[in-house]
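Everything numeric here is computed off the predicted structure, so don't read it as measured data. So that the names make sense, note that chain A is the first sequence line, chain B the second, and so on, each numbered from 1.
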2 protein chains.
Amino acid sequence: MSQFMNRKEDIVMEAIDGALRASGGSLSRLDGYPHIRAVVRADWDKSRVALVSGGGSGHEPAHVGFVGKGMLTAAVCGDVFASPSVDAVLAAILAVTGRAGCLLIVKNYTGDRLNFGLAAERARAFGLKVSIVIVDDDISLPDLPQARGVAGTLFVHKIAGALAEQGATLDQVAAAAERVIRGTRSIAMSLDTCTVPGSPKEIRIPPGMAELGLGIHGEAGVEQIPFENAARAIEVMAAKLAPAMGDGPHVALLNNLGGATVLEMSVLANELLCSSISDKVRFLVGPATMMTSLDMRGFSVSVYPAGSGDIAALQSPVSLPAWPGCHAVAAPHVIALPDGLTPIRPIPSSHPATAAFLRRCCEVLIEAEADLNALDAKSGDGDTGSTLAGAARALIGAMDRLPLADHTQLYRAIGLELSQTMGGSSGVLLAIFFAAAGDAASSGMSMRDALRAGLERMQEIGGAQLGDRTMIDALQPALDALGEGFDAAARAARRGADHTATLEKSNAGRASYLSADQLRGHSDPGAEAVARLFERMAG
Amino acid sequence: MSQFMNRKEDIVMEAIDGALRASGGSLSRLDGYPHIRAVVRADWDKSRVALVSGGGSGHEPAHVGFVGKGMLTAAVCGDVFASPSVDAVLAAILAVTGRAGCLLIVKNYTGDRLNFGLAAERARAFGLKVSIVIVDDDISLPDLPQARGVAGTLFVHKIAGALAEQGATLDQVAAAAERVIRGTRSIAMSLDTCTVPGSPKEIRIPPGMAELGLGIHGEAGVEQIPFENAARAIEVMAAKLAPAMGDGPHVALLNNLGGATVLEMSVLANELLCSSISDKVRFLVGPATMMTSLDMRGFSVSVYPAGSGDIAALQSPVSLPAWPGCHAVAAPHVIALPDGLTPIRPIPSSHPATAAFLRRCCEVLIEAEADLNALDAKSGDGDTGSTLAGAARALIGAMDRLPLADHTQLYRAIGLELSQTMGGSSGVLLAIFFAAAGDAASSGMSMRDALRAGLERMQEIGGAQLGDRTMIDALQPALDALGEGFDAAARAARRGADHTATLEKSNAGRASYLSADQLRGHSDPGAEAVARLFERMAG
């Protein structure tokens, strides 16, 4: 599969420039492409401790997405999954460090440690105060003394960033960062590998399996385990995290590794907050895409025993779209259903003339069943006649509970009956027609105007216009002519219905998928039904 | 491939509950699972016009992610890619609509139109003021009168939402929504199909091809075109959008359909803002994941000729992580590289005794080349000897430009030479060692303390401890013994180097990947080099 990129060599520079163009002027970059790719807060005045992070690219929105007031001062970007050079890191440090000094936040990968480490030494030779912290939150390789740095790094960025913004000293900011690092634990799971730009995808995880214990560079997880479902996946990870968690309250960070859907991430959030560690998880950051491994269909959970000061720092507002905020966890709040879902049944009343009229109309439709089905078979699935006849039979059966003496209420009652007995789009549309006509009638309109109001609303919702080969081709001219009496209306409806047989195109409903050849010579069954109804009324 | 879900039937409910748990109490839902899945602003007091949207699920974060002050009042969720029921929509309308009324924002799909339309009629029968707008921004099917509603819907949510929040009337909000709909045009492209939960993935787009003109329900695009690169992809889409754009300024919305990486989206943002329509695109929303088609590796571009009032509405702050904000577009701001990237060269000076000492040290390493290579071949790639000898030769060659008479400067100068001539991790680590020792010496420390400071920094950055089978196993005991003279230091270094041959595990560097059997009986070449250096100094 292709990727949305141009030359592989340019991807990081182009992505940075894209982020800058879209930042509303809040980000700048250092000169020095292609070697030096460093993004800096545009409003930085060196008045406080600077925070510099970065590493290989492919983890977006980390780290450029977290550059801004209250988080990082600068991000240094290497090639995809490769550390930036010493010179690039040094350039960033020199560009942002004032008298308050600079903290480097480095994920625990050899290349990053060395290049950030040497850049720090070089910067110190200029008399700058530079401290360095190494994030090693991954618990998936317990025997490895050099644990990897993964998404828990975000806790460090946010808490140290908030402190720095408040004017804390470098020692204070570094001590807080160290404290967060000591307390943070992360673990990841994935259902698929990631695709490195310009390289073929490695097929490594068989269907039905998941990898547990991943870094963020596409390396294989510590183990492959059968994947059952989201609940079990979270439980496996919770079991790994639990022994490292004390009894106190924690904040969790739920991170999309890039390729999980937003839908899946919400399901995982639900599971995490119902899991065996949920009693300890009092705050949540995410679910969100924060520290990715390109398009890996996986996620990570990080936990940290945050005190109230930490929570305040995590919740302090930043205007960075990549930071999803940190919210107190709460059980879903469920509010009672409103009254009115059970439709108001009108009070039945009798009116022999209306009942007879209605019954005649229904009989027309019942008699037309076979003809209309045959017409529909030319352009649809041949059930229009049965649908209308079924609705007519149901209406006859409901005659005793209709408010026959109250014509205003009667429209709405017919609409309600149709919506409950007649399936498909046509049932809904006729229900809308009668409901809207009832609304209009209740505001004092004449029958003709009320029916026209119903037609208008049906067209608004259904989208069909005159000439679209629907019942409207008969109904609209009939209602237009109704002022001149039922005979005129019946003639207009018939002309309209017959005209549909000449229409070679349908713009609405199922018939819109058919060709002119398939349509020509056959009337629309809905229009035909309307014509027969008006003809009976006239007769 | 599996997906992070439990039962397919529960995915929408579980995702909604996950969103609620993670919302910090800002969202509620209506009772009525599984039939009614409607999310409501928890702080809603019905004092203003309510905005209700929704549709099928699978488009997350739309629509639940946009429920909150200043955007939607409620979102009604159907099954994946299926419209919610009339009852569900009606429940949401009844739950949120006060005297100011309610606007339904509906994407132009038959099911949504009908179900939202009939729910509106039912709500009106209760005397509620309900208006409905149909979003039809997709331009990919110009001949279809019923254009689909896609990501341009976000413009409607935000602009109508801001107006409603300001207290505008229902007519004003609906008119604004209609105006935005009339002006909004969208088009999408994808490199791959989406995966519907619980269904196998449809393979439809061959490698090297892209689909242009997609909806958001996994349906095939209007055409398949060869995919060249990101620039060309944007140009094809810009050419489709351009004829529909007037001359005035526009806002663009760059939407991830779900499966494109953040890196790719930034590249696409860069291209869009350099494209043939870039002169008209003055504001940008995104790039962000807003209206998805599950995990589809694609994106969409929407444009709207926003006036200043619209821009103010789009920029009015909301605390919804799913809304990325709307920023003025600007060319990347590039700041000059800071001074200091070219290392400060010390002033050369002569000091025959120091020169002789340094030369002797270098000669030790040159003489040891073959031995150290042989040792390294047991646990690495056999080049430690050559690396050290190469650095030693380079140092001899640099003798004339070293500040030999200024020992404080000399450490840093050696560090600088090593970092420039010696590759790999060991070069960086030795550079850090000497640079840090120079720092310490310049603050007045003794040679021994300065070297110990260098060692400490090297360990901090490199992460190796005593016993990890590195040069530190010789260097640390030697420096510890240096107070007793060079002889004692040499003996300690030798003991330390020899001891590495008994270590069956390495915790740092490449040898950490080897087994005990591969390591046993061979000293670490770095430790051996240190021992030979101290032995020569003592001699």
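Applying the side-chain hydrogen bond (donor to acceptor under 3.5 Å, both in side chains) rule to B:Asp87 yields no partners; only residues at least two apart in sequence or on another chain are considered. Residues passing the side-chain hydrogen bond (donor to acceptor under 3.5 Å, both in side chains) test with B:Arg297, sequence neighbours excluded: A:Asp295, B:Glu264.
Using a 4.5 Å heavy-atom threshold, the side chains of A:Glu121 and B:Ser419 count as separate. Between A:Asn6 and B:Glu271 there is a side-chain heavy-atom pair separated by less than 4.5 Å. Under the 4.5 Å side-chain criterion, counting only non-hydrogen atoms from C-beta, A:Ile335 is not in contact with B:Asp31. Taking the side chain as every heavy atom from C-beta outward, B:Thr195 and A:Thr261 never approach each other to under 4.5 Å.
For B:Ser26, no part sits under 4.5 Å from any heavy atom of chain A, backbone or side chain. Looking at B:Thr289, the atoms closer than 4.5 Å to chain A (heavy atoms on both sides) all sit in the side chain, from C-beta outward. Proximity to chain A (any heavy atom under 4.5 Å) is shown, for B:Cys326, by neither the backbone nor the side chain. Looking at B:Arg412, the atoms closer than 4.5 Å to chain A (heavy atoms on both sides) all sit in the side chain, from C-beta outward. Contact of A:Thr110 with chain B is made through the side chain alone, with heavy-atom distances under 4.5 Å. With a 4.5 angstrom heavy-atom cutoff, B:Val285 does not touch chain A via any of its atoms. Interface remark: B:Ala336 contributes backbone atoms only to the contact with chain A (heavy atom separation under 4.5 Å). For a residue to count as touching a neighbouring chain, one of its non-hydrogen atoms must lie under 4.5 Å from one of that chain's; by this rule B:Met189 touches chain A with backbone and side chain alike. Both the backbone and the side chain of B:Arg29 come within less than 4.5 Å of a heavy atom in chain A. Of the two parts of A:Val106, neither the backbone nor the side chain holds a non-hydrogen atom closer than 4.5 Å to a non-hydrogen atom of chain B. Interface residue B:Asp439: only side-chain heavy atoms are found under 4.5 Å from chain A.
Contact detail for B:Pro321 and A:Pro324: the closest heavy-atom pair is CG-O, 3.5 Å. Of all non-hydrogen atoms in A:Pro287 and B:Ala22, the two that sit nearest each other are CD-CB, 4.0 Å. B:Ile432 and A:Gly117 get closest at one heavy-atom pair: CD1-C, 3.8 Å.
In terms of heavy-atom pairs under 4.5 angstrom with chain B, the leader among A:Asp192, A:Leu254, A:Leu284 is A:Asp192. Residue with the most contacts toward chain B among A:Ala19, A:Ala123, A:Ser23: A:Ser23 (heavy-atom pairs, distance under 4.5 Å). For the set B:Ala210, B:Ala95, B:Ala91, B:Gly258, the entry with the most heavy-atom pairs within less than 4.5 Å of chain A is B:Ala91. Taking A:Pro61, A:Gly438, A:Ala233 one by one and counting their heavy-atom pairs under 4.5 Å with chain B, the maximum is reached by A:Pro61. When A:Ile132, A:Ile134, A:Ile205 are compared by the number of non-hydrogen pairs under 4.5 Å with chain B, A:Ile132 comes out ahead. The greatest number of non-hydrogen atom pairs below 4.5 Å with chain B, out of A:Asp339, A:Val12, A:Leu268, is found for A:Leu268. With respect to chain A, the highest number of heavy-atom pairs below 4.5 Å among B:Ile11, B:Leu27, B:Leu30, B:Leu20 belongs to B:Leu30. No other option in B:Gln3, B:Met458, B:Glu460 has as many heavy-atom pairs under 4.5 Å with chain A as B:Gln3. For the options A:Phe116, A:Trp323, A:Phe299, heavy-atom pairs under 4.5 Å to chain B are most numerous at A:Phe299. Ranked by heavy-atom pairs shorter than 4.5 Å toward chain A, the options B:Gly65, B:Ala125, B:Ala260, B:Ala38 are led by B:Ala125.
At distances below 3.5 Å, at least one donor-acceptor pair connects side-chain atoms of B:Arg113 with backbone N or O atoms of A:Ile461.
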- Take B:Ile36 and A:Leu341 through the test side chain to side chain contact (heavy atoms under 4.5 Å, CB included) and record every step on the way to the result. CA-CA 11 Å; B:Ile36 290 173; A:Leu341 284 180; 3.8 Å; yes
- Item | Worked verdict on A:Arg21 versus B:Cys274 for side chain to side chain contact (heavy atoms under 4.5 Å, CB included) | CA-CA 10 Å; A:Arg21 288 180 200 278; B:Cys274 296; 3.3 Å; yes
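For the side chain to side chain contact (heavy atoms under 4.5 Å, CB included) criterion with B:Phe4, the lone passing option out of A:Val267, A:Leu263, A:Leu191 is A:Leu191.
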